[in-house]
Amino acid sequence: MQRIGIVVAAVSFFVVTSASASSAMPGADPRWSESGSAVTEYTTSERPLIAVAHRGASGHAPENTLAALDAAYQMGAETVEVDVQRTEDGVLVLIHDTTLERTTDVEDVFPDRDSYHVSDFTMEEIRRLDAGSWFDSSFKGEPVPTFAQALDRMEELDLNLFLELKEPSLYPGIEQEIADQLTERGSWLESNPSGEPRRLVMQSFDWEAVRRSKDLLPSVPHALLGRVPEDRIQEFSWAQMINPNHNTIDATYVERVHEAGMGIMPYTINERSRMDTVLDWKVDGFITDYPDVGQEAIAAHSRKSPPLVRIPIPSLPVTR
Ligand code: G3P
Ligand code: CA
């Protein structure tokens, strides 16, 4: 059933109707009842629901590689999440772990090293590593990409980005270096119009680093990773999202985050039934290794619960 509502605002009216893609989103917008009467605690969406491709489409290709970005794009994902860290000689690279063993052949290439920390290797050394074979032999030779290479590829493919500062306390000043690269490119700092997914979200489990980044990039939405205790959510009103582990939240928590005017996209949800559950909780999206499955879940949810958008209509004459 299509949901239609009308609200009387100070100077204008809006019709609320169903749309192809939308979700609850933070903000001061009123939401609407099925009967059409205004319900002030209900918040309309201004952005579509999204299935963020975690570490690229990491269920289908080696995480945090250009191949994973390509796979996400090929599956129709609009937004990818990646992790950024820094080499010994100061190059920003995409990698999740703080050490290189799990996702590269570093132990074969450098058998005599006593540390495999990302921060102990130069970019020239990291270029020699294979970051694809551990996942599947068809990805043999896939390199660890630099952040700059990944941004190039995302720009080429018109992918939006959730960028995680991974263990930023290990890399003093990394917030500034990332802000500089993004600012040089310009387009990442442009806010997408309502009705489109966000171009860029900066996020970290290190909430102090998120704050530092927000100070450097005030126009960019920032997310706190992890579950902010309900009684502390208001402390973080400068942030735009809280993205917790899906196993740590419930429908009430989602509501609390929305009441604080923030969005919420839990991670990392790979089971279709769990995607359906969090969508019923009215999350704004979720982070998944399988954006293909995620998009199916969102499409099914939108058919079941057509989202609401506001369409302006002319103001009515004032009657006295
Ligand atoms: O985007 C959130 C998610 O990536 C956080 O967990 O460990 O996969 O970086 P992790
Ligand atoms: Ca991550």
Side-chain angles (χ1 to χ4, degrees), residues 47 50 52-56 63-70 72-73 77-96 98 118-119 121-127 129 131 142-194 196-225 238-241 243 263 265 287:
R47 307 266 177 203
I50 53 171
V52 179
H54 182 235
R55 310 181 194 174
E63 64 186 56
N64 282 311
T65 64
L66 299 183
L69 302 182
D70 293 346
Y73 173 77
E78 293 173 292
T79 304
V80 295
E81 186 265 359
V82 296
D83 305 286
V84 65
Q85 298 186 59
R86 191 170 68 201
T87 66
E88 191 269 335
D89 53 341
V91 180
L92 300 179
V93 289
L94 297 200
I95 191 160
H96 177 273
T98 56
V118 175
S119 57
F121 280 71
T122 65
M123 191 64 225
E124 191 179 328
E125 289 171 332
I126 286 179
R127 277 199 190 94
L129 304 179
E142 189 67 33
V144 174
T146 65
F147 179 50
Q149 288 171 325
L151 287 176
D152 286 345
R153 185 62 60 92
M154 288 183 255
E155 288 169 11
E156 192 183 317
L157 301 178
D158 198 23
L159 288 168
N160 304 308
L161 171 61
F162 276 41
L163 180 61
E164 182 180 346
L165 302 165
K166 184 57 83 183
E167 302 291 348
S169 61
L170 298 177
Y171 309 104
I174 194 169
E175 301 88 354
Q176 182 71 63
E177 292 163 3
I178 289 169
D180 289 346
Q181 286 205 33
L182 293 169
T183 303
E184 273 168 29
R185 290 168 182 257
S187 66
W188 290 98
L189 305 191
E190 291 166 13
S191 183
N192 276 10
S194 60
E196 291 182 17
R198 293 187 186 281
R199 181 80 175 124
L200 170 67
V201 174
M202 299 291 298
Q203 58 176 8
S204 184
F205 288 100
D206 181 334
W207 301 341
E208 290 178 9
V210 178
R211 177 73 244 194
R212 287 193 294 275
S213 178
K214 182 67 182 173
D215 288 342
L216 294 166
L217 296 168
S219 70
V220 173
H222 280 64
L224 306 160
L225 286 175
W238 49 267
Q240 285 64 53
M241 305 187 82
N243 296 338
M265 296 195 197
I287 299 166

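These numbers were taken from a predicted model, which means no experiment stands behind them.
- In this structure, Asp83 contributes its side chain and Asn64 its backbone to no donor-acceptor pair below 3.5 Å.
- Counting only heavy atoms from C-beta outward, the side chains of Ser187 and Arg199 approach each other to under 4.5 Å.
- No side-chain heavy atom of Leu225 sits under 4.5 Å from any side-chain heavy atom of Val210.
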**Val82 and Leu163: CA distance, side-chain angles, deciding distance, side-chain contact (heavy atoms from CB on, under 4.5 Å) verdict** = CA-CA 5 Å; Val82 296; Leu163 180 61; 3.8 Å; yes
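- Here the side chains of Glu196 and Glu78 are not in contact, with every heavy-atom distance at 4.5 Å or above.
- Listed here is the closest heavy atom pair of Trp207 and Trp238: O-CH2, 4.0 Å.
- When atom types are taken as modelled, the side chain of Gln85 and the backbone of His96 share a donor-acceptor pair closer than 3.5 angstrom.
- Between the side chain of Glu81 and the main chain of Ala53, no donor-acceptor pair closer than 3.5 Å is present.
- Listed by chain and number, the residues in a side-chain contact (heavy atoms from CB on, under 4.5 Å) with Asp215 are Arg211 (sequence neighbours excluded).
- No donor-acceptor pair closer than 3.5 Å links the side chain of Gln176 to the backbone N or O of Gly173.
- Heavy-atom contacts from other residues, nucleotides or ligands closer than 6.0 Å to CD of Glu124 number 12 or fewer.
- Judged by distance alone, with hydrogens and angles left aside, the side-chain atoms of Gln181 form no donor-acceptor pair with the main-chain N or O of Ala179 at under 3.5 Å.
- Considering every non-hydrogen atom in both Ile126 and Val118, the closest pair reads CD1-O, 4.2 Å.
- Of the possible donor and acceptor atoms, one in the side chain of Arg47 sits under 3.5 Å from a partner among the backbone N and O of Asn192.
- Within a 6.0 Å radius of CD in Glu155, more than 12 heavy atoms belonging to other residues, nucleotides or ligands are found.
- Heavy atoms only, all atoms of each residue included: Pro197 and Thr79 are closest at CB-OG1, 4.2 Å.
- The two atoms that bring Leu66 and Ala150 nearest to each other are CD2-CA, 3.9 Å, heavy atoms only.
- In this structure the side chain of Glu177 never reaches within 4.5 angstrom of the side chain of Tyr171, judged on heavy atoms.
- Residues satisfying the salt bridge (Lys or Arg N to Asp or Glu O under 4.0 Å) criterion with Asp152, sequence neighbours excluded, are Arg185.
- Taking CG of Leu69 as the start and CG of Leu157 as the end, the distance is 7.5 Å to the nearest 0.5 Å.
- Residues Leu189 and Leu217 come closest through the heavy atom pair CD2-CD2, 3.9 Å.
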**Request:** Go through the steps for Glu175 and Met202 under the test side-chain contact (heavy atoms from CB on, under 4.5 Å), then give the verdict.
**Result:** CA-CA 10 Å; Glu175 301 88 354; Met202 299 291 298; over 6 Å; no
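- No side-chain heavy atom of Met241 sits less than 4.5 Å from a side-chain heavy atom of Gln203.
- His222 contributes a side-chain N or O that, together with a main-chain N or O of Val220, makes up a donor-acceptor pair within less than 3.5 Å.
- Of all heavy-atom pairs spanning Thr122 and Thr87, the tightest one is C-CB, 4.3 Å.
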**Request:** Begin from the C-alpha positions of Leu94 and Phe147 and carry the test side-chain contact (heavy atoms from CB on, under 4.5 Å) through to its verdict.
**Result:** CA-CA 6 Å; Leu94 297 200; Phe147 179 50; 4.2 Å; yes
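- A donor-acceptor pair is defined here as one N or O able to donate and one able to accept, closer than 3.5 Å; such a pair exists between the side chain of Glu142 and the backbone of Ala67.
- Residues Phe162 and Val80 fail the side-chain proximity criterion, which asks for heavy atoms closer than 4.5 Å.
- Residues Met265 and Val201 have side chains not in contact (no heavy-atom distance under 4.5 Å, counting atoms from C-beta outward).
- By the 6.0 Å contact criterion, OH on Tyr73 is open, its count of non-hydrogen atoms from other residues, nucleotides or ligands being 12 or less.
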**Message:** Under the criterion side-chain contact (heavy atoms from CB on, under 4.5 Å), I'd like the reasoning laid out for Leu161 against Leu151: C-alpha separation, chi angles, the key distance, then a yes or no.
**Reply:** CA-CA 9 Å; Leu161 171 61; Leu151 287 176; 4.0 Å; yes
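- No side-chain donor-acceptor contact under 3.5 Å links Asp206 and Ser204.
- Formation of a donor-acceptor pair under 3.5 Å by the Arg153 side chain with backbone atoms of Thr65 is not found in this model.
- The shortest distance between side-chain heavy atoms of Arg198 and Asn160 does not fall below 4.5 Å.
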